[in-house]
Amino acid sequence: LGSAPAVDDHRTPTRAATFAEGELKLPAHLTIHAGGRMDWYSIYGVSLSPRVALVYEPTSKTTLKYVFGRAFRAPNAYESYYVDNVVIVAPTVTLKPETITSQEVILEHAFRPWLHITTEAFNNNLDNLIDQDPDPVSGLTHFVNSGRDHGRGIEAELDAQRTSGLAARVSYTFAHAMDDVQETFLQNSPMHTGKLNLTVPVVHRAFAGIEMLYSSSQTSYLETRVPPSFLANVTLSSKPVWGGWEFSASCYNVLDRHWFSPAGPGFRQAALAQDGRGYRFKASYRLPFGEKHPSQ
């Protein structure tokens, strides 16, 4: 009590932004969607975030897309100004926004009105990533723009929905993420992930949902191996009953598996143990404001 505050910093930055978008239909089943946003920060200057999509529809069942985009993340107050002279000191130069440039090629096809498949190949490049840089003399750290990563991969998703209420969705992602500065695989980034969702009608006004999640092994920030995880969740839900009531009961991690999530760079542990089997019960009521009666 009575000691001076560790941080006493007062600033009043300003920010303005504008955006525009448009669509152009061309012959040969081609459509161009284009948009962009321009942000101005009194500290960082101007950042432009364009996004362009070229869509080709040779048939009513097949669509091919190419999407290009660029976005940014401005440094937050903690990264830019926080200093305690115990662990962290202020950056030596003004930080720049992080940027990401992405490219995607997407193919969508409907085998049947109730059965669709989506495949995608993507490439992401991240520049000016903000990271903590230690001073070998003082041992203190400060934030700098030193990171540069890239990620490439493919995704596939199969979606089936029947009029009876039976539905299923299964997806798989392969991602190859690299740290371009150290030329190593990116930490906390699984190479393989998979997901399965299944919805089954149980009775007239209730249905059961099953979710299965898989994540392959990862490398922690301490360069140790975090084992893969496989989780299963089950939910029993009702449709609106008794004039607007809805009920649901969920069980998470049904198999009560022991699994871990990689810890961040500020932790001494390589991985953090996650919850075992858990339950959630929910009841909600929707007020009928604005709803029209059949006689109206």
Side-chain angles (χ1 to χ4, degrees), residues 19 21 23 33 35 51 53 55 57 60-63 65 67 71 104 106-120 155-173 175 190 192-216 228-262 264 271-296:
F19 72 93
E21 60 180 348
E23 177 181 303
H33 301 268
R51 186 171 177 84
V55 181
E57 297 181 88
S60 60
K61 297 182 178 181
T62 303
T63 303
K65 304 177 183 178
V67 183
E104 302 170 79
I106 306 168
L107 175 63
E108 300 173 352
H109 181 72
F111 295 105
R112 295 288 188 273
W114 53 271
L115 183 61
H116 300 79
I117 188 173
T118 302
T119 59
E120 175 184 349
E155 294 181 338
E157 178 180 284
L158 187 64
D159 187 7
Q161 296 188 16
R162 302 292 291 180
T163 56
S164 62
L166 181 65
R169 178 181 297 168
V170 59
S171 62
Y172 165 77
T173 301
H192 306 276
T193 55
K195 185 175 182 179
L196 171 66
N197 292 95
L198 179 65
T199 302
V200 181
V202 179
V203 293
H204 177 61
R205 303 197 68 83
F207 56 91
I210 301 173
E211 180 182 55
M212 296 183 181
L213 307 170
Y214 170 77
S215 178
S216 64
S229 62
F230 174 76
L231 303 175
N233 307 318
V234 176
T235 298
L236 181 64
S237 303
S238 73
K239 296 180 180 180
V241 295
W242 302 327
W245 283 98
E246 296 182 25
F247 302 91
S248 68
S250 303
C251 179
Y252 298 94
N253 194 2
V254 175
L255 304 178
D256 197 23
R257 298 179 64 92
H258 298 285
W259 65 290
F260 297 84
S261 179
L272 303 176
Q274 301 299 306
D275 294 337
R277 186 183 295 119
Y279 303 91
R280 185 181 72 177
F281 302 93
K282 180 181 176 182
S284 61
Y285 179 74
R286 180 176 298 179
L287 297 175
F289 293 146
E291 295 184 0
K292 293 184 178 180
H293 296 285
S295 59
Q296 292 181 331

Scan side-chain atoms only and decide if Tyr252 and Arg277 contain a donor-acceptor pair under the 3.5 Å cut-off.
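No, no side-chain donor-acceptor pair sits under 3.5 Å.
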Quiz item: Side chains of Ser250 and Thr235: donor-acceptor distance under 3.5 Å anywhere?
Solution: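 There is such a pair between these side chains.
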Please report the interatomic distance [atom1]([X]) to [atom2]([Y]), rounded to the nearest 0.5 Å.
| X | Y | atom1 | atom2 | value |
| --- | --- | --- | --- | --- |
| Asp275 | Trp259 | CG | CH2 | 8.0 Å |
| Ser171 | Asn197 | OG | CG | 7.5 Å |
| Glu57 | Thr63 | CD | OG1 | 4.0 Å |
| Trp245 | Ser284 | CH2 | OG | 8.0 Å |
| His109 | Leu115 | NE2 | CG | 9.0 Å |
| Ser237 | Lys282 | OG | NZ | 8.5 Å |

query: Where do Pro201 and Phe207 come nearest, in terms of heavy atoms and distance?
result: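 Closest approach of Pro201 to Phe207, heavy atoms only: CA-CB, 3.9 Å.
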For Ala208 and Val202, the nearest pair of non-hydrogen atoms, with its separation, is N-CG2, 3.5 Å
Return the orientation label for the Phe281 and Tyr279 ring planes: parallel under 30°, perpendicular over 60°, tilted otherwise.
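Judged by the thresholds at 30° and 60°, the geometry between Phe281 and Tyr279 is parallel.
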| Under 3.5 Å: donor-acceptor pair, side chain of Gln161, backbone of Asp159 |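 Pair absent, no side-chain N/O of Gln161 close to backbone of Asp159.
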*So, Ser238 side chain and Phe247 main chain: donor-acceptor pair closer than 3.5 Å or not?*
yes
Self-check item: Chi angles and distances behind the side-chain contact (heavy atoms from CB on, under 4.5 Å) call for Arg169, Glu157
Solution: CA-CA 7 Å; Arg169 178 181 297 168; Glu157 178 180 284; 3.8 Å; yes
Leu198 side chain near Val200 side chain, heavy-atom distance below 4.5 Å: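 Of all side-chain heavy-atom pairs linking Val200 with Leu198, at least one is under 4.5 Å.
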Report yes if the side chains of Tyr214 and Thr193 come closer than 4.5 Å at any heavy-atom pair, otherwise no. no
Chi angles and distances behind the side-chain contact (heavy atoms from CB on, under 4.5 Å) call for Phe260, Leu272: CA-CA 5 Å; Phe260 297 84; Leu272 303 176; over 6 Å; no
Pair Glu246-Lys239, side-chain contact (heavy atoms from CB on, under 4.5 Å): steps then yes or no | CA-CA 6 Å; Glu246 296 182 25; Lys239 296 180 180 180; over 6 Å; no
Open item on the list: Using the rule given for side-chain contact (heavy atoms from CB on, under 4.5 Å), can you reason through Met212 versus Lys195, listing the C-alpha separation, both sets of side-chain angles and the distance that settles it, and then say yes or no?
Closed with: CA-CA 6 Å; Met212 296 183 181; Lys195 185 175 182 179; over 6 Å; no
Applying side chain to side chain contact (heavy atoms under 4.5 Å, CB included) to Leu107 and not counting sequence neighbours gives Thr62, Leu64, Thr119
Just jot down the side chain to side chain contact (heavy atoms under 4.5 Å, CB included) partners of Thr118, sequence neighbours excluded, or say none.
->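 With neighbours one apart ignored, the set is Ile106, Glu108.
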With sequence neighbours left out, the residues meeting side-chain hydrogen bond (donor to acceptor under 3.5 Å, both in side chains) with Tyr172 are His192
Test of understanding: with side-chain hydrogen bond (donor to acceptor under 3.5 Å, both in side chains), list the residues that count as partners of Asn253, not counting sequence neighbours.
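Applying side-chain hydrogen bond (donor to acceptor under 3.5 Å, both in side chains) to Asn253 gives none.
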For residues 200-213, the side-chain hydrogen bond (donor to acceptor under 3.5 Å, both in side chains) pairs (sequence neighbours left out) are Glu211-Asn233
- request: Not counting sequence neighbours, which residues clear ring pair (Phe, Tyr, Trp, His ring centres under 6.0 Å) with Phe230? List them please.
  value: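 With neighbours one apart ignored, the set is empty.
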Can you confirm whether more than 12 heavy atoms, excluding those of Phe19, are under 6.0 Å from its CZ atom?
no
